[in-house]
Every structure is written in C-alpha cells, then in structure tokens.
Participant: 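Okay, here's the structure, questions in a sec.
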Amino acid sequence: MLDKQEDLKDIQGRFPFLIAFVVIAFFVLLIRTGYLQLIKGGHFKELSESNRLRSLPIEPYRGLIFDRNGELLAHNVPAFHLSFILEDLKDKATTIKKVSGFVGISEKEINEKIKAKKNTYPFAPVRIKENIGAKEVALIEAHRLDLPGVMVEAVARREYRHGNMAAHLLGYLSEITQGQLDNVVNDTVYPGMTVGQNGVEKTYDEILRGIPGYKEVEVDAYGHEVRLFNIDRPVRGNDIYLTIDMNLQKIAEDALGNESGAVVAVDTTSGDILAMASHPPYDHNLLSKRVNVKDWEALINDPATPLNNRAIQGLYPPGSVYKIVTAAATIERETLELDENIQCKGGLQFGRRYFRDWKAGGHGNVALHRAIVESCDVYFYKAGIALGVDGMADYALRLGLGSPTGIDLPSEKGGLIPTKSWKLSARKQEWLEGETLSVAIGQSYVLTTPMQLAMLISTVANSGLKHRPKSVFGIKDQKTGELYRFPPVETGRVEIREETFQILKAALRGVVNEQGGTAGGVRSKIAEIGGKTGTAQVIALKPNLPKELLNQKRFKDHALFVAFAPVSDPRIAVSVVVEHGGKGSSVAAPIAKKIIEGYLKNVKS
Amino acid sequence: MTATTFKGINYSLFIIVVILTAIGILMTYSSSAIFAMQRYNDPFFFLKRQMIWGVIGIAAMIIVSRIDYREWERFFLPLFGLTILLLILVLIPGIGREVNGAKRWLRFSALSFQPAELAKLTIIIYVARLIAKKEEKIKDFMNGFFPVMSVVGLTVMLIMVEPDVGTAMTIGMISVFLLFAGGARLNHIMLLGLLLAPLLYNFIFNAKYRAGRWSAYLDPWKDPLNSGYQIIQSYLALGSGGISGAGLGEGKQKLFFLPEAHTDFIFSVLGEETGFIGAVSLIALFAILIGMGFIIALRTEDPFARYLSLGITIMIGFQAVMNIAVVTGLLPTKGIPLPFISFGGSSLLINMIGAGILMSILKYEGGQRRSKKV
C-alpha cells in the first residue's frame with residue numbers, strides 16, 4: 001500500500017484538470033445554446049415556419065379479384081376526392097363558402113366534416129366530398145390559387161364489375177376504423193386507408209391491400225407539392241382468384257330473383273364454393289364509394305337486413321331437411337329396423353298434443369326409405385322418440401351442424417342443435433318430451449345456416465368425407481407472377497358407416513326420382529339428382545293467428561331444398577333457402593335444379 | 001464533511017435523477033406521440049416503454065444504493081463474463097435483433113436490451129478496480145497501462161462491429177479519462193491517441209454515411225436536404241424555441257421534420273418546447289449531478305470507491321456533453337444518447353444503476369468516514 005498522503009496529492013494534481021475540462025465543456029454548451037436560441041432564434045424560427053416538408057402515405061394498388069375462370073370481378077378505377085389541409089387554409093370562412101358553391105355541399109356539412117376529423121396526424125387531408133365529378137375537379141383546379149389548403153386527391157376506387165352479384169361474398173371497402181387501426185401492430189395501414197370490410201375483401205385484406213408507401217415532399221405556401229425528395233414506393237397487393245364460377249353465380253342470383261334467401265353451391269370433391277348468393281343484396285359499389293351517414297343508417301336498420309350474408313349468417317330451422325340427420329341416427333343406432341313399417345294416419349297423439357303430418361290423409365305404412373322419399377312426419381316423430389333429443393344431436397354434430405363450417409369468410413354463425421343439457425343451462429328449463437318430436441323434423445330450437453346445409457349434403461354425397469369450404473381458389477404473387485393454388489382441405493371422415501350413407505343416398509335419389517317423391521318435379525335429364533325438401537314453419541307455435549294474417553307473406557313458411565348430383569358420382573352439392581317461399585318442393589327445388597344443370601352442362605362439355 | 005452532508009447529497013442525488021427521468025419520459029412522449037400514432041397507431045407507444053423502464057430503473061437504483069458498492073468488486077468476474085457473453089450473443093444472427101443494419105439489441109418480449117450499455121458499467125468497474133489495486137503500477141506501460149487498455153480495447157472492438165460507434169467511443173473515452181485521473185502517464189495516453197488516430201480517421205471517412213456526417217458538420221447548409229438535414233432541423237427546433245419555448249407538446253419540428261426526435265435529438269425538442277430557459281435548466285441539472293459526483297469522488301478514501309464514482313460521473317457527464325454538443329452542431333453526429341432523457345431503456349437503466357452505486361458509496365464509504373477525520 002502506498003502512502004495515503006501521496007495518493008491524495010496525486011488526485012489533487014489531476015482532478016482539477018478534469019474539473020476544469022468539465023466546467024469549460026458546460027460553459028461552451030451554454031454559450032452555444034444561447035447563441036442558437038437567443039441570437040439566431042428569430043432567423044431559425046422564420047425558417048421553421050416556412051418548413052414545408054411533409055411525410056405523406058401513398059395508398060398501394062389493391063389486388064384484383066377474379067373468379068375461378070379468370071373473369072375479372074373487382075378492380076380499381078380512378079376517383080377524385082375533395083380534401084382540406086386544415087393547417088394550410090388561409091381564410092377558412094371564405095374558402096368554405098367558395099368550395100360549397102363549387103361542389104354543391106352545404107357550408108354546414110363542410111364544417112361538420114372538419115369537426116368530425118380528430119386524432120390524426122398534422123397536415124393530413126380531411127375529406128370534404130368524395131367522388132366529385134370531372135366538372136367539379138376542373139372548377140377547383142381553375143381556382144387553385146385562390147384556395148390554399150384545398151386539394152383534389154386522385155385515388156383508386158374499388159369497382160365491382162358485376163353490380164350487386166356476389167356482393168356478400170366479395171364484400172366492400174371503406175375507411176379503416178379506429179378499432180381496426182388499434183388491432184394492427186405493424187405499419188401496413190395508416191389512418192384514412194381503405195380496407196376490406198366484408199366478404200373476401202375482409203378475410204384476405206392483408207393479401208389484397210399491399211404495403212403503403214411514404215413520400216417526403218416539400219410544399220409551397222398553398223400546400224401544393226413542389227418538390228419530392230424521398231419516396232418509399234408502395235407495394236401492389238396480390239390478386240386473388242375465387243372458387244366461384246360467375247356463370248353459375250348468375251344462374252343462382254337470377255333463380256333467387258326478388259325472393260329473400262340464400263343459395264350455396266359447393267364442389268363436393270374439394271369444398272370449393274361454386275356459387276353463393278344472399279338476397280336481398282346490397283350495392284357494394286355504393287358502399288365502397290363511402291355512403292353518407294343517413295344512407296348507412298337506413299341500410300343497417302333495413303328490416304330486410306341486406307347487409308347480412310344469409311348464406312353463412314342466416315339461421316333457419318332446417319325443417320324436413322333435418323330428417324337426413326334423424327334417419328342417419330336411426331340407421332346407425334338401429335332404433336328402428338330398416339324394413340320396420342310405421343303406420344301413418346296423418347298425425348300422432350303424443351301426450352296431450354296431436355302432432356300433425358304435413359299430409360292430412362297420412363302416408364299409410366312406410367319404412368325408412370319411403371319415409372324419406374315422401375317425407376313422412378309421423379315416421380320421424382316415432383324415430384325421434386326412439387332416439388331421444390340427445391341421440392339426434394349426436395349425429396347432427398357429427399355431420400357438422402351446430403358449429404361454423406370454417407369457411408374463409410368473416411362472421412360465420414354456428415347455429416344451434418338442442419340437447420337436454422343445453423336447454424337446462426341456456427333456458428333453465430327441463431327438456432319436454434314433446435319437443436323431441438319437433439326436433440326430429442327440424443323444427444323447435446334447431447337452427448342451421450344454408451352453408452351448413454350445403455356441407456351436410458356434400459358430406460352425405462361423399463359418403464362421409466368432410467371438407468372445409470373455401471371461397472378462394474388461389475393467390476397470384478405479384479413478385480413472381482405465379483398462382484398459388486389452395487389445396488382442398490379435408491377435415492376427416494364422419495363416424496357413420498359407409499352402408500348408412502348408401503341407404504341415405506338411395507332414399508335421397510328417390511325423393512327426386514321415385515314415384516311419390518316430394519321433389520319429383522325437378523327430375524333432370526342431364527343428371528340424376530338426389531335431394532331433400534324442407535318446409536320450415538315460421539309460426540309453428542302460434543296456430544291461433546287470424547287467417548288474414550296467415551296469408552301475409554311474412555308468416556309463410558321458409559322453403560328449403562338440399563341436393564347433390566350426379567347421384568352415382570357426386571360433383572356438386574346445393575342448398576337453397578327461400579324465406580317465406582312456402583313449400584320447399586315447389587319454390588326451392590327448381591332453383592337447385594337450375595344450378596346443378598348449369599354446372600354439370602358446362603363441366604361435361 | 002459530516003455524515004449529514006453526505007446524507008443530504010444522497011437525497012438530492014436521488015431527487016435529481018428522478019427529476020431527469022421524469023423530464024425524459026415527458027419529452028419522450030411529446031417528441032414521439034405523433035410519429036408513434038402514424039407508425040404504430042398508438043401515440044403512447046414509446047411513452048409506455050419508457051415509463052416501464054423508468055420504474056424498473058428507479059427500483060434498480062434503490063436496490064443498488066442499499067448494496068455495499070464493494071460487492072461489485074467481489075462479483076466482478078461473473079459480471080465481466082456475462083457482459084462479454086451478451087456482447088457476443090448480440091452479434092449472432094437470429095439472437096441479436098437487427099435494426100437498420102446494426103445488431104445492438106437482445107429482445108425480451110416487448111422490451112429490448114443493449115448489452116453495450118451494460119459494458120459501460122462493467123468497464124468502469126474493471127478500470128476502477130485495477131487502478132485501485134495496481135496503484136503506482138498504473139504508471140508502468142507494460143504492467144499497468146497496456147493490460148488495462150487491451151481489455152478495454154477488446155470490449156470496444158466487440159461493440160464496434162455491431163456497429164455502435166457512439167457507445168464504443170464512450171467506453172473508450174471513459175477509460176482514458178479514468179486512467180488519466182488515476183495517474184497514468186500522459187505520454188502513454190498520447191501514444192495511444194497517436195496509435196488510434198489513423199484507425200479513427202479511417203473509420204470516419206471510410207464509410208460513406210460517416211463521411212457525409214463529417215461534411216455536414218463542417219457546413220450543413222451545403223446539402224440541406226440530405227446530409228445536412230438533421231442538424232439543420234435541430235437548429236430550427238432550438239431556434240424557434242427562443243427564450244421561453246413554444247410550450248410543452250407545441251413543438252413543430254418533431255412532426256416528421258426532425259429525425260430521431262425522441263432519441264438522440266430529444267434535446268432539440270426540449271429546446272423548442274421549453275426554450276432557452278428549459279435548455280439551461282436541464283444543463284444546470286446535469287452540472288449539479290456531475291458536481292456531486294466529483295465531490296463524492298474527491299471525498300472518498302477507498303481508492304476503488306473513488307475511481308468507481310469518478311467513472312460513473314464521467315459516464316454521465318461525457319454522454320451529456322457529447323449529446324448536447326452534437327445536437328447544437330458543435331460536433332459531428334455520433335449517436336450518443338442524452339443520459340436519463342433520450343428514449344432507450346438500457347441506457348436509462350444503466351445510468352440509474354450508476355446513480356445507485358454513487359448513493360451506495362455515500363452510504364457505505366460515508367459510514368466509515370465518521371470514525372476517522374480528514
């Protein structure tokens with residue numbers, strides 16, 4: 001150890017240098033800061049105020065949408081929006097007044113738009129009016145110098161080339177919402193960007209929308225870009241190819257016509273959606289232009305719920321279509337022998353209630369096959385009693401009812417398959433045995449979507465092989481130009497024996513092709529069709545309504561039909577629901593026939 | 001000096017550090033909110049992270065202040081091993097997170113950590129310990145000066161390849177200052193400087209962007225939209241602040257004009273929003289903090305404590321001076337954060353641990369002092 005005194009002396013020798021160094025350094029910093037802030041302050045402030053460098057997002061070119069044959073369905077067309085850059089407005093009142101005169105929008109409305117715009121970055125354009133015409137653009141541009149802070153933005157607008165056709169499947173675009181902004185962590189979106197809000201535009205938004213670019217620009221005193229000195233180019237979105245065939249879609253839409261309801265056609269070999277229609281449709285071209293608040297509210301409050309995609313969101317009692325499930329359960333559990341005849345006299349007394357058959361005179365003695373062909377209610381009441389509600393639910397769930405099919409579209413509904421425990425927990429009530437009878441013929445609490453029914457019949461046609469339905473066929477990578485095809489997604493085999501499906505398919509064939517079959521009217525020359533009709537009662541539990549009311553359309557039954565074809569080598573499965581259409585055989589079945597024939601005719605040629 | 005004075009310093013040290021950190025969090029928010037809103041759709045993106053680090057840092061400072069500073073000497077080897085390990089790990093692709101071509105970060109869920117910041121502290125402990133141990137030998141080149149500088153050099157090289165020139169330089173300079181204070185011969189230091197000069201020259205002018213920085217430093221107005229852009233925007237920010245500033249949150253330069261507004265150039269935003277008064281107050285806070293550091297170093301008897309406290313003081317002081325000098329255009333831009341203020345968790349944490357060690361020295365060294373008398 002060294003002597004402490006010497007050690008301290010050493011420090012005393014060197015520390016002052018360090019301290020002096022620090023003192024000088026801080027002194028220099030003080031002088032420099034004072035020089036910059038106090039002496040040069042005014043000069044820099046002036047420069048800062050004329051600082052017109054901006055960083056602006058550039059919207060990427062959204063990918064196109066085609067059908068499976070390469071038919072263009074959605075593309076982008078130029079549109080012009082009138083916007084204000086609030087920071088650049090010189091004389092706000094006069095500008096608003098002038099603009100109001102040029103483009104025909106009231107001053108009050110302009111002020112409201114300005115007020116409504118919050119929570120955005122500085123110098124962000126505030127949209128005053130969208131999609132202004134060429135004449136209005138010319139007027140604004142001619143008065144450009146008198147209108148600092150007013151700009152016409154040329155942007156791409158989505159156009160759907162087939163009008164309202166497949167509107168629900170395609171979806172529409174609109175400005176990204178705050179909620180959606182909050183959910184995105186990366187910088188692939190920015191406030192004010194348009195994104196997909198429904199259908200494949202929404203599910204495949206990330207693929208379609210591309211990556212925004214940014215540009216740093218210098219603007220003049222009027223807010224117009226005078227110099228560009230850095231640009232980060234946007235990346236174009238990828239194109240997608242849908243599984244639908246637009247020709248078939250047109251057949252489906254035309255066949256549904258002005259009725260409300262839904263049609264779903266599926267390729268049984270792959271789960272590809274060939275057509276999906278939901279009526280009433282909505283105008284997605286109009287929605288993508290951005291509708292005003294009043295029109296929007298009218299649309300969402302419309303009692304006909306045009307925004308609903310009934311194919312995946314509409315919940316309907318399946319009616320007699322559900323007999324496929326009851327029959328499958330009966331065969332599998334052997335609760336009734338296959339050749340066991342049930343006598344049908346047009347109804348069944350159960351407890352205190354008399355359960356009617358749809359055919360007043362009854363069907364006579366029928367076994368399973370004829371019971372399906374003629375859709376005998378009494379047979380299935382008895383089959384239901386033998387199975388119990390939970391026995392039927394078991395097979396309904398195996399066949400994919402009661403839960404979403406997993407299609408690549410937003411907000412699919414799951415439906416409901418009632419069980420005793422469900423009623424106890426959801427309704428806090430014991431199951432009533434009488435309800436079992438209603439369930440057996442697809443009434444009571446049973447709710448399904450047209451999508452589920454299409455997959456049900458497709459699975460039966462495939463003798464139990466299940467697919468996850470999909471609406472997109474492939475994606476075209478913009479960089480490589482290659483089309484990546486999505487392979488079919490098989491989701492396993494239903495735990496039901498092969499022979500059971502053969503019996504079911506023979507009966508479904510009979511519905512269309514045998515004497516007395518409920519859908520005998522849709523026998524086809526092109527291919528053998530198998531199917532099942534359904535009529536879902538809308539007012540099953542209110543039989544005491546006056547007659548004039550019963551005749552009103554809104555109290556008429558829903559008409560349903562599910563079908564597949566050809567029976568021997570199934571290629572297509574279809575489900576049709578026509579709201580308040582009446583009988584499934586006369587209203588829904590012909591629609592399915594048109595689609596099946598339209599598809600098989602083309603495939604064969 | 002009595003124990004009460006020491007206690008007084010202890011408290012004011014704590015308070016100053018907390019005030020600086022609070023200013024940092026406030027300015028981080030003010031300077032980053034709009035940028036964060038645009039890029040991350042979350043105006044609080046940087047604020048949240050800085051606040052989390054602030055809380056972690058204060059906790060660490062309090063804990064460290066209650067640990068006898070001599071423990072750092074005892075556990076030096078594992079600490080040094082860990083530092084080198086992390087510095088190597090960060091270079092391995094897949095482990096280190098690469099941002100803009102630099103591998104500086106190790107990521108732990110939402111928070112990232114820079115091993116180079118830890119290296120600052122480790123090297124200070126290392127050099128302080130050696131000076132304290134070797135005493136006079138430090139004057140000897142082969143037995144004192146050279147071995148110390150080799151270890152420092154190795155660490156600096158590891159950081160250089162990330163590359164993080166700012167931190168590498170900071171560590172090198174802290175070591176040189178410490179050795180100078182510890183009695184190393186001036187001609188040794190000058191020899192080192194002479195040896196490093198060509199290397200440094202090469203480094204400044206070889207990489208194109210660094211050369212751009214140099215010419216921008218000499219005359220930023222020659223290329224105002226490219227190499228001179230950042231420093232000009234910094235001038236405009238400071239200048240438009242004037243005496244009393246535009247008011248908190250009212251600054252315009254941070255709105256995309258000034259790059260790195262919430263990190264290296266946060267002093268410009270502070271200058272714009274709080275004016276000369278705010279800027280001088282901040283400089284004064286740093287001056288007081290550094291002054292206290294010097295007092296602690298001068299008044300401690302234990303050589304390790306002395307050089308440790310001096311090293312920490314130099315660490316904070318050097319970075320503060322360098323950062324402000326860069327932002328005010330006195331030095332070319334080099335990427336050195338403003339201690340406690342700039343956005344960046346690792347830097348904040350290490351500086352706060354440093355402050356905690358200063359407080360620990362006051363507590364444990366000051367306690368001994370009472371029995372003796374100076």
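In what follows, chains are A, B, ... by sequence order, proteins preceding strands, each numbered from 1.
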Participant: Out of curiosity, A/F17 CZ to B/L186 CG, how far, rounded to the nearest 0.5 Å?
Facilitator: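 Output value for this atom pair is 8.0 Å.
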Participant: Nearest 0.5 Å, please: how far is OG1 in B/T328 from CD in A/Q37?
Facilitator: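 Between A/Q37 CD and B/T328 OG1, I get 10.0 Å after rounding to 0.5 Å.
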Participant: Select one option (side chain, backbone, both, neither) describing which atoms of A/Y35 are under 4.5 Å from chain B's heavy atoms.
Facilitator: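 No part of A/Y35 comes within 4.5 Å of chain B.
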Participant: Which atoms of B/F180 come close to chain A, meaning under 4.5 Å heavy atom to heavy atom: side chain ones, backbone ones, both, or neither?
Facilitator: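 Its backbone and side chain both get close to chain A.
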Participant: Determine the option with the most heavy-atom pairs under 4.5 angstrom with chain B, choosing from A/G41, A/A25, A/G42.
Facilitator: A/G41
Participant: Restricting to non-hydrogen atoms, name the atom on B/R185 and the atom on A/R14 that form the minimum distance, rounded to 0.1 Å.
Facilitator: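 Looking at all heavy atoms of both residues, the shortest contact is CA-NH2, 4.4 Å.
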Participant: Chain A: which of B/G242, B/G239, B/G271, B/A246 shares the most heavy-atom pairs with it under 4.5 Å?
Facilitator: B/G239
Participant: Between B/V280 and A/T33, is there a side-chain heavy-atom distance shorter than 4.5 Å?
Facilitator: no
Participant: Hey, could you give me the CG/OG distance between A/L36 and B/S240, rounded to the nearest 0.5 Å?
Facilitator: 11.0 Å
Participant: Which heavy atom of A/F15 sits nearest to which heavy atom of B/L298, and what is that distance?
Facilitator: CD2-CD2, 3.3 Å
Participant: Counting only non-hydrogen atoms closer than 4.5 Å, does B/I290 touch chain A with its backbone (N, CA, C, O), its side chain (CB onward), both, or neither?
Facilitator: side chain
Participant: With a 4.5 Å heavy-atom cut-off, do A/V22 and B/T313 have their side chains touching?
Facilitator: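 A side-chain contact under 4.5 Å is absent here.
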Participant: Please find out if less than 6.0 Å separates the ring center of A/F26 from that of B/F286.
Facilitator: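 So the answer is no for these two rings.
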Participant: Are B/L310 and A/L18 packed together at the side-chain level, in the sense that at least one heavy-atom pair is separated by less than 4.5 angstrom?
Facilitator: yes
Participant: For residues B/V321 and A/L29, report the shortest heavy-atom separation together with the two atoms involved.
Facilitator: CA-CD1, 3.8 Å
Participant: Please check if atom CD1 in B/I243 has more than 12 non-hydrogen atoms from other residues, nucleotides or ligands closer than 6.0 Å.
Facilitator: no
Participant: Do the rings of A/F44 and B/Y235 sit parallel, tilted or perpendicular, given the 30° and 60° boundaries?
Facilitator: parallel
